[in-house]
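See structure below.
All heavy atoms count here, side chains included; hydrogens, waters and symmetry mates do not. Keep in mind it's a predicted model, so treat the numbers as computed, not measured. Lettering follows sequence order; numbering is per chain, from 1.
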2 protein chains.
Amino acid sequence: MVTRKGTTRASILEASVDLFGGRGFAAVSLDDIAGVVGVAKQTVLYWFPSKDELLDAVLEQTASELAAVIEAAVRAAPDEPLARVEAVVNAVFRPAVRRPALLGLVREVSRLSPEHAERLTMRVRPFVRRATDYLEQEMAAGRLRQADPGLVVSLAYATVTGIATEPTALAAVEWQGTTAGLRRLRRELTEFLLAALRP
Amino acid sequence: MVTRKGTTRASILEASVDLFGGRGFAAVSLDDIAGVVGVAKQTVLYWFPSKDELLDAVLEQTASELAAVIEAAVRAAPDEPLARVEAVVNAVFRPAVRRPALLGLVREVSRLSPEHAERLTMRVRPFVRRATDYLEQEMAAGRLRQADPGLVVSLAYATVTGIATEPTALAAVEWQGTTAGLRRLRRELTEFLLAALRP
DNA sequence: ATCGCTCTCTACCATATGGTAGAAAGAGAC
DNA sequence: GTCTCTTTCTACCATATGGTAGAGAGCGAT
C-alpha cells in the first residue's frame with residue numbers, strides 16, 4: 001500500500017482517542033479501532049505492538065495536546081488569576097465539546113492499571129505544581145479566596161471534566177446541546193468557577 | 001444449599017456495584033463477580049438472567065440508596081439553601097469516600113447503552129426537577145447567586161462526583177487519604193460549592 | 001418415602017478477542 | 001530485473017466470556 005509515512009499511525013491514534021475516551025478502554029476491541037480506521041486489525045498491531053502500548057501512546061498524545069492548549073491559553077492571558085482561569089476554561093471548553101472523548105480519556109485513567117495512572121500522573125505533575133504554586137501566591141496576595149491550592153486545582157478540574165464528560169447529567173436537567181445551549185453552558189461554567197475562586 | 005432467601009442475591013448486587021463502579025461495566029466479567037461473592041458463575045446467572053439485567057438491578061439499587069441518603073439529608077437540614085447544600089454534600093461525602101464505586105457507577109452511566117442511560121435519567125428526573133425548582137426559587141429570593149438553576153445543579157453534581165471518583169486527580173496534587181486529609185477535602189469541597197453558590 | 005420447590009453446581013458451547021506467523025504488494029536502489 | 005525495506009493483509013491460535021442444559025442437594029408438605 002502507498003500512504004504517506006505516519007498517516008495510518010496517526011489515524012489509528014485519533015480513532016483510539018475517540019473510542020477509548022468514549023466507551024472506555026476495556027469496551028473497545030482492536031477490531032473496533034481497525035474498523036473505524038478502515039484497515040485490518042493486524043495493521044493496528046503492526047504500528048502498536050499491543051493494545052497496552054497503543055493505550056500508552058494515546059495517553060501520551062492526549063496529554064501533550066491538552067498541555068499545549070492550556071499552555072498557550074495561560075501565556076496569552078493577562079497576568080491576573082481570574083482572567084487566567086477564564087482563559088483556561090475557554091481554551092479547554094472548545095476542544096472538550098467538539099471531542100468529548102478527549103476529557104473522557106483523561107477520566108478513564110483512574111480505571112486503568114496503576115502503572116498507567118502513575119505514569120500519567122508523573123507526566124502531568126510539573127504542570128499541576130506550577131498551577132498550585134501560582135494559586136498559592138495569588139491567594140496570599142488576596143486576589144483569590146483563601147483555600148488549599150492543591151485541592152482547589154483538583155476541584156476545578158473535577159468540575160470542568162465532569163461537566164464536559166457527562167452528557168447524562170446535562171440531559172437530566174433537560175439541557176439542549178444547541179449553539180445557544182453551548183454558549184450558556186460555557187458562561188455558567190465560567191461564572192461558577194470564578195464565583196468559587198473569587199476572594 | 002441452605003441460605004436465607006435473598007442473601008446470595010444481595011451479595012451479588014453488592015459486589016457488582018463495587019466492580020462495575022470501580023473498573024467499568026465492560027471490564028468486569030461474570031466470573032469476576034462470582035469470584036468475589038464466592039459462588040459459581042451460574043449462580044450469578046440464576047439470580048440475574050443476563051449481565052445486562054444485572055446491570056439494571058445494580059443501577060436501580062444504587063439510585064435508590066443515593067436518593068434515600070440525599071432525601072434524608074435535605075429533610076433534616078434547616079430550610080436555608082446554603083445549609084441544605086452543605087447537608088447534601090456531607091451526606092454524600094461519607095458513603096462516596098467509603099465506597100468510591102458508588103459514584104463511580106453513576107458516572108459509568110454515560111458509557112452505557114442509551115437505553116440504560118435513558119432509563120436512569122427518567123428515574124432521577126423528578127429529584128432533579130425538585131432541586132432545580134428549589135434553587136430557582138431561592139435565587140429569585142436573593143439567597144443564592146443568580147444563575148441557570150439546571151446548569152448549577154449539573155455543575156455541583158460534576159464537582160462532587162468528579163472529586164469523589166478521581167483519586168488520580170487528587171494524587172496529582174499529592175493529596176493524602178488520611179483521616180485529616182479527608183476532613184480537609186470535605187471542608188474544601190463544601191467551601192468551594194458554597195462560594196460558587198453564594199449570592 | 002417421595003414429590004415438588006428453591007438454589008447451586010458441573011459440563012458445555014458459540015463467539016469474540018488479543019496476539020503470532022508469514023505471505024503479498026508496492027517502491028526505491030542498484 | 002532483482003534485492004530489500006516498509007507496510008498491509010490473510011490465516012490461525014489460545015483464551016476468555018456470556019450464556020444454555022441439565023443434574024444434584026437441601027428441605028418442607030403430603
Nearest-Å distance for atom pair CG/C1', residues B:Leu45 and D:dT20 = 9 Å

Can you check the A:Lys41 NZ to D:dC12 C1' distance for me, whole Å?
-> 10 Å

Within less than 4.0 Å of OP1 or OP2 of D:dT7, is there a side-chain N or O belonging to A:Tyr46?
-> yes

Side chain of B:Lys51 only, please: which of D:dG18, C:dT8, C:dT17 is the nearest?
-> D:dG18

According to a strict under-4.0 Å criterion, is A:Ser50 in side-chain N/O contact with OP1 or OP2 of C:dG18?
-> no

Upstream residue (5' side of DNA chain C) when B:Gly38 and A:Pro49 are each assigned their closest nucleotide | B:Gly38

What integer distance in Å separates B:Ile33:CD1 from D:dT17:C1'?
-> 12 Å

Grab the CG-P distance between A:Asp52 and C:dG18 for me, whole Å please.
-> 11 Å

Report yes if at least one side-chain N or O of A:Ser29 is closer than 4.0 Å to OP1 or OP2 of C:dA16; otherwise report no.
-> no

Rounded to whole angstrom units, what separation is found between the CH2 atom of B:Trp47 and the C1' atom of C:dC7?
-> 7 Å

Contact class for A:Val28 (heavy atom, under 4.0 Å): base, sugar-phosphate, or nothing?
-> sugar-phosphate

Quickly work out the B:Leu55 CG to D:dG19 P distance and round it to whole Å.
-> 12 Å

Quickly work out the B:Ile12 CD1 to C:dC7 P distance and round it to whole Å.
-> 11 Å

Assign A:Val44 to base, sugar-phosphate, or nothing according to its heavy-atom contacts below 4.0 angstrom with the strands shown.
-> nothing

Taking C-beta and beyond as the side chain, do A:Leu194 and A:Val89 meet within less than 4.5 Å on heavy atoms?
-> no

Can you tell which of D:dC9, C:dT10, C:dG19 lies closest to the side chain of A:Leu30?
-> C:dG19

Look at the side-chain N and O atoms of B:Thr8 and state whether any lies under 4.0 Å from the OP1 or OP2 oxygen of C:dT8.
-> yes

Selected nucleotide, minimal atom distance to A:Gln42 side chain, candidates D:dT7, C:dC7, D:dC9 | D:dC9

Note: B:Glu71-B:Arg75 ion pair, threshold 4.0 Å (strictly below) = yes

Side chain proximity check, B:Glu60 to B:Ser64, heavy atoms < 4.5 angstrom | yes

What's the CZ-C1' distance between B:Phe25 and D:dG18, to the nearest Å?
-> 10 Å

Would you say B:Leu82 and B:Leu144 make side-chain contact, with heavy atoms under 4.5 Å?
-> yes

Will you find, in the side chains of B:Ser113 and B:Glu115, an N or O donor that is under 3.5 Å from an N or O acceptor?
-> yes

